[in-house]
Amino acid sequence: MEIKPLITGFEPQEKPAGEEGEKPAVYDVIILGAGPAGLTAAIYTGRARLKTLVIAGSLPGGEPSNTDLVENYPGFPEGIAGMDLAQRFQSQAERFGAEIVLDEATAVDFSQEPFTIHTYSTVYKGRTVIIATGAEPRRLGVPGEDKFFGRGVSACATCDGFFYKDKRVVVVGGGDSAIAEGLFLTKFASEVVVIHRRDQLRATQILQERAFANPKMRFVWDSVVEEILGDEMVTGVRVRNVKTGETSVIETDGVFVYIGMVPKTKLFVGQLKLDEQGYIVADRHQRTNVPGVFAAGDVQDPNYRQIVIAAGTGAVAAMEAERFLSEYWQTHHAEAKPS
Amino acid sequence: MTLLGDDVRQQVVEFLKDLAGPVRLVVFTQEFECEYCAETRQLAEELGELSDQITVEVYDFQANKEKAEELGIDKIPAIAVIGKEDYGVRFYGIPSGYEFTSLLHAVRTVAAGEPELSEEGKKFLAEIDRPLHIQVFVTPTCPYCPHAVTLAHQMAIASPNVRADMVEAMEFPHLAVKYQVMGVPRTVINETVHLEGAAPEPMVLDKIREALQEAEG
């Protein structure tokens with residue numbers, strides 16, 4: 001039996017805010033999302049002694065916790081397990097007093113201050129909000145995908161790789177995630193077929209080299225998946241060659257989809273300016289069109305989707321939130337400011 | 001060798017410092033310990049050292065059949081997390097990796113005896129008048145899984161008729177096959193109704209309604 005990481009940490013559900021242990025009626029900063037951007041922001045706002053709440057959402061740790069091995073985050077020359085990195089971000093945020101709740105925002109109101117965040121279990125108010133909800137895997141949108149999602153179609157190789165021991169899988173996509181996770185799947189699967197719509201990979205060169213050298217990996221170029229086939233279980237995918245128009249069937253037991261991400265911005269439609277792809281529009285100070293609401297990480301980044309960049313924008317958002325609050329306290333009643 | 005490193009121990013002590021009441025971790029293993037039985041027992045014992053409120057009891061699954069039956073334990077390694085009463089919170093397989101989180105949450109919520117669910121959810125669950133069994137299949141490397149496990153355990157605490165298991169799919173491959181687990185988390189309710197992914201509370205409640213209706217129909 002492979003991969004069985006022993007205990008490396010956990011996500012506390014609640015922590016008292018501030019020394020008195022009272023939950024503040026209004027937080028200085030509410031951060032939506034606990035990935036690299038959100039947790040980095042929390043490290044900065046915590047150190048600025050701002051009362052900080054992080055609403056973790058459905059994937060505490062964010063994308064790194066979904067990644068087997070992170071090799072391009074500086075400071076870890078040997079690479080670091082994504083899960084481990086995510087927990088380090090979290091421990092560091094907590095060390096500086098951020099309160100992290102395992103809850104998910106269900107509605108937001110940015111029309112008046114303080115801003116209101118509804119979650120599954122309660123309502124929070126914040127003077128500033130940093131949105132770091134990230135992005136989620138794009139679905140193929142082909143017949144069979146919904147039916148088999150979680151039962152042969154997956155977007156999480158670290159979660160589900162085990163179920164494909166000695167089986168055949170296909171990976172759809174040609175970027176870093178597709179290739180890195182495809183390589184991970186070779187630990188289990190007998191064969192990993194990469195189906196990519198272009199004639200070359202987009203993934204980083206070093207990943208490409210490893211993929212081409214891996215005897216378990218095979219590549220189907222210029223092809224898109226049109227249907228996922230199967231009755232009870234996945235038996236194959238129908239692919240179409242985009243150059244010749246020919247279709248063919250590739251037999252497989254599982255389909256891992258890594259064709260990019262879509263930003264998680266449904267909650268903000270009508271309240272924040274989004275671009276045509278749905279990403280939050282933020283300026284270089286990570287400000288959205290609503291003063292006091294900032295965005296950081298993949299939710300506002302259609303281009304790079306890197307941990308180091310998400311962390312960087314998180315830091316910017318936090319510093320701008322701090323600046324916003326200090327101006328706020330200057331223009332509002334000074335006596336209202338908590339010590 | 002200890003399973004919990006010093007830094008994790010510190011975090012755990014902090015996390016469990018305000019436990020609302022006593023908690024028993026009842027561990028089932030056997031004389032010739034199965035692949036992860038020894039580690040599961042050790043993990044429970046190490047956790048027990050970190051809080052005065054936690055006591056650990058270890059039983060042999062074969063020799064203490066009656067005890068196992070009393071607690072509804074049908075496979076090992078198993079941990080029953082029991083507070084003032086037995087709410088039906090179980091872990092089958094080692095709660096390592098991300099699942100250690102689920103174990104800590106279970107300990108804390110069982111200690112309080114008060115589930116962290118919506119008022120509507122608590123009311124609905126409290127009114128369930130027949131046995132309901134929730135099994136959440138996980139792998140230790142699945143970051144979404146603790147969410148599903150913790151929610152199921154909260155539901156068990158909310159109702160005397162609901163019991164909820166974490167089942168580590170890699171250790172019970174026959175169950176993974178039986179319930180067609182090809183992805184995690186996969187929640188199986190009363191053998192028949194299933195749910196993929198870490199769903200929010202209202203969605204799980206809908207599935208429970210579905211399972212209860214099937215039982216009626």
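The shown structure was predicted, so the numbers you read here are calculated from the model rather than taken from an experiment. Order of the sequence lines sets the chain letters (A, B, ...), proteins ahead of strands, with each chain counted from 1.
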### Query
Which bit of A:Tyr164 comes within less than 4.5 Å of chain B, counting heavy atoms only: side chain, backbone, both or neither?
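Only the side chain of A:Tyr164 comes within 4.5 Å of chain B.
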### Message
Please classify the contact of A:Ser154 with chain B as side chain, backbone, both or neither, using a heavy-atom distance under 4.5 Å.
### Response
neither
With a 4.5 angstrom heavy-atom cut-off, which part of [X] approaches chain A: side chain, backbone, both or neither?
X	answer
B:Val177	neither
B:Pro202	side chain
B:Ala169	both

### Task
Quick one: pull up NE2 in B:His153 and OG1 in B:Thr109 and give me the separation to the nearest 0.5 Å.
9.5 Å
### Task
Indicate, with yes or no, if the rings of B:His194 and B:Phe137 have centres closer together than 6.0 Å.
no
### Task
Determine the sole option in A:Glu94, A:Gln92, A:Gln87 for which the side chain to side chain donor-acceptor pair (under 3.5 Å) test with A:Gln90 is passed.
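One option only clears the test, and that one is A:Glu94.
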### CE (A:Met233) with more than 12 external heavy atoms under 6.0 Å
yes
### Message
Counting neighbours of CD on B:Glu31 that are heavy atoms of other residues, nucleotides or ligands and sit closer than 6.0 Å, is the number greater than 12?
### Response
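Not buried by this count: 12 neighbours or fewer within 6.0 Å.
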### Top contributor to chain B interface from A:Asp253, A:Thr122, A:Asp160 [non-hydrogen pairs under 4.5 Å]
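Of the options given, most contacts go to A:Asp160.
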## Note on the structure
Among B:Glu99, B:Arg186, B:Glu119, the residue with the most heavy-atom pairs under 4.5 Å to chain A is B:Arg186
### Summary
For A:Gly61 and A:Pro64 the tightest heavy-atom approach is O-CD, 3.3 Å
